[in-house]
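These notes concern the structure reproduced below.
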Amino acid sequence: MRRYISVPASPAGQEGTRLALLVVALALLLLPAWQDVTAATLGEAVDTALALAEQGQRVDAQRAVGDAVRKKARGLLAENPALRVKLLSDELTGDQGAYEVEAMVDLPLLLPGQRSARFALADATGAAAEALRARLRWEMAGMVRELTWEAALAAGRLRQAEAALAAAEVLEATVAKRESAGELARLDLLLARQDTLARQSELAAARADHAEAMAAYRALTSLAELPVPLTETAAVTPEAVAAGSPADTPNAGGGKGLPAPIAQSHPLLASLEQGVARARAERGRVSADRRGSPLLSLGVKHARADRNSPEDDALQLELSLPFGLGSTSAPALAEAEQGVTDQLAELQQARREVARNIAAAGAAVSGAQQQLTAARERVDVTERALDLARRAFDLGEGDLTALLRAQERAREARLDLALRQLAQGRAISRLNQALGVLPE
């Protein structure tokens, strides 16, 4: 957003005033950037809210885990090296001057199979981090969508309340004029005044609701305006959702739950799929480590037999091969297997939940369309009834009570139509959210 500051031309003797105006213009241009930030799209609002929540740190932390595993896989050692020092002496026994000193460095070696398993774990962890990024954005999109439509509905009620108050004030002014001319009774003016006061109370409540909804939206996104455009295009039609029978359609992961395209693209399901892949990679690492790592020891030896013997120096090389008993690795393997099972169970539960949400959202869109059609017909009928009541009142053939009743019904019908239109937009937004569609 740009600010345009207009500085009027000053006479030659008013240079000080002109300079002051220029200073004010510069100060306005240097106001904090967040005061000018507005969301041009829903996607920008989601990105702003995501940055404000600092959820990217979770992705960075998981990616760092994968990088650390990859770095370890590139090395030669399975664990940290160790230094062993051994001293033998007969000082406390025969004291013949015999001694022996050994210094060894133990190097746990990483086998090729263990290295491959760690590379696979690093790849799976990195892929899980990227899937987590999309999942976090989808989750934030759901919150932003809900708060956006809550604020939009509150704004719709506010506009209708303002229009109702304006119509009530016009009617009150007309009644007051005719009451002064003796055409209407004082009671009619009081009835009109009561209607105006009722509309004022409704307007105050609508303003409070709108302010509360906008405050919640600003707290989440730090933005002062709702996204533009507000409405979304449905990724699929409600008829396609109903025809697809998502709850009974086999998916790519096996079992029943979702059509394959949705199962592969939905951010939540994709993240859980990567979680399963990471758990399987962890199981593979544990399985590769069950035999243990060979231990290579390198060192030197310095010794003498007695005080009269020469000192001997030698290099030492040792290789230790573990047996890898199944009983020792069984607990770790069982725990890794449980991790895979838990991830698969969570994935299957999420598939069923997503399928139910898609079916419910599709039905809500169809219902919202039917309700919108009925609301349009209601507005047409009530507007015609209001027109007849107004003509009868102007001609003196109808009383004020009938006019107020017709006006109230027309107001309710217009409010219902406006809210139904917004409700249809919210239903489409919820369908896209259920389908896993990320806003752009």
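Only this structure's heavy atoms are used, side chains among them; waters, hydrogens and symmetry mates stay out.
Here the side chain of Arg285 pairs no donor or acceptor atom with the backbone of Leu121 at under 3.5 angstrom. The closest donor-acceptor contact from the side chain of Arg137 to the backbone of Pro267 lies at 3.5 Å or more, if one exists at all. Checked by atom type and distance alone, the side chain of Ser201 never pairs as donor or acceptor with a backbone atom of Ala198 at under 3.5 Å. Remark: the backbone N or O of Gly292 is paired with a side-chain donor or acceptor of Gln114 at under 3.5 angstrom. Within the 3.5 Å criterion, the main-chain N or O of Thr233 finds a donor-acceptor partner in the side chain of Asn432. Checked by atom type and distance alone, the side chain of Ser116 pairs as donor or acceptor with a backbone atom of Pro112 at under 3.5 Å. A side-chain donor-acceptor contact under 3.5 Å links Tyr217 to the backbone of Glu225.
With respect to the salt-bridge test (charged N to carboxylate O, under 4.0 angstrom), the residues Arg351 and Glu273 qualify. A salt bridge links Arg84 with Glu318: the closest approach of a Lys/Arg side-chain nitrogen to an acidic carboxylate oxygen falls below 4.0 angstrom. Taking 4.0 Å as the cut-off between side-chain N and carboxylate O, Arg63 and Glu130 count as a salt-bridged pair. By the 4.0 Å N-to-carboxylate-O rule, Glu408 lies too far from Arg405 to be salt-bridged with it.
In Arg115, the CZ atom is crowded: over 12 heavy atoms of neighbouring residues, nucleotides or ligands sit closer than 6.0 Å. The environment of CD in Gln316 is crowded: more than 12 heavy-atom neighbours from other residues, nucleotides or ligands sit within 6.0 Å. The environment of Glu440 atom CD is sparse: at most 12 non-hydrogen atoms of other residues, nucleotides or ligands sit within 6.0 angstrom. Within a 6.0 Å radius of CG in Leu319, other residues, nucleotides and ligands contribute more than 12 heavy atoms.
Atom CG in Leu165 sits 13.0 Å away from atom CD in Gln160 (nearest 0.5 Å).
Of the options Leu272, Val276, Thr341, a side chain to side chain contact (heavy atoms under 4.5 Å, CB included) to Glu346 is made by Leu272 and by none of the others. The salt bridge (charged side-chain N to carboxylate O under 4.0 Å, His left out) test with Glu150 singles out one residue from Arg157, Arg145, Arg426, and that residue is Arg426.
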Exercise for review: Determine, stepwise, if the pair Arg118 / Glu282 fulfils salt bridge (Lys or Arg N to Asp or Glu O under 4.0 Å).
Suggested key: CA-CA 8 Å; Arg118 281 168 170 76; Glu282 176 64 20; over 6 Å; no
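Using modelled atom types, one finds a donor on one side chain and an acceptor on the other under 3.5 Å when comparing Thr125 with Arg278. No side-chain donor from either of Thr196 and Glu169 sits under 3.5 Å from a side-chain acceptor of the other. Between the side chains of Gln433 and Arg430, no donor N or O sits under 3.5 Å from an acceptor N or O.
Proximity of Leu295 to Leu321: side-chain heavy atoms (C-beta onward) are nowhere separated by under 4.5 Å.
Using the six-membered ring where Trp is involved, His302 and Tyr99 have ring planes that are tilted, between 30° and 60° apart.
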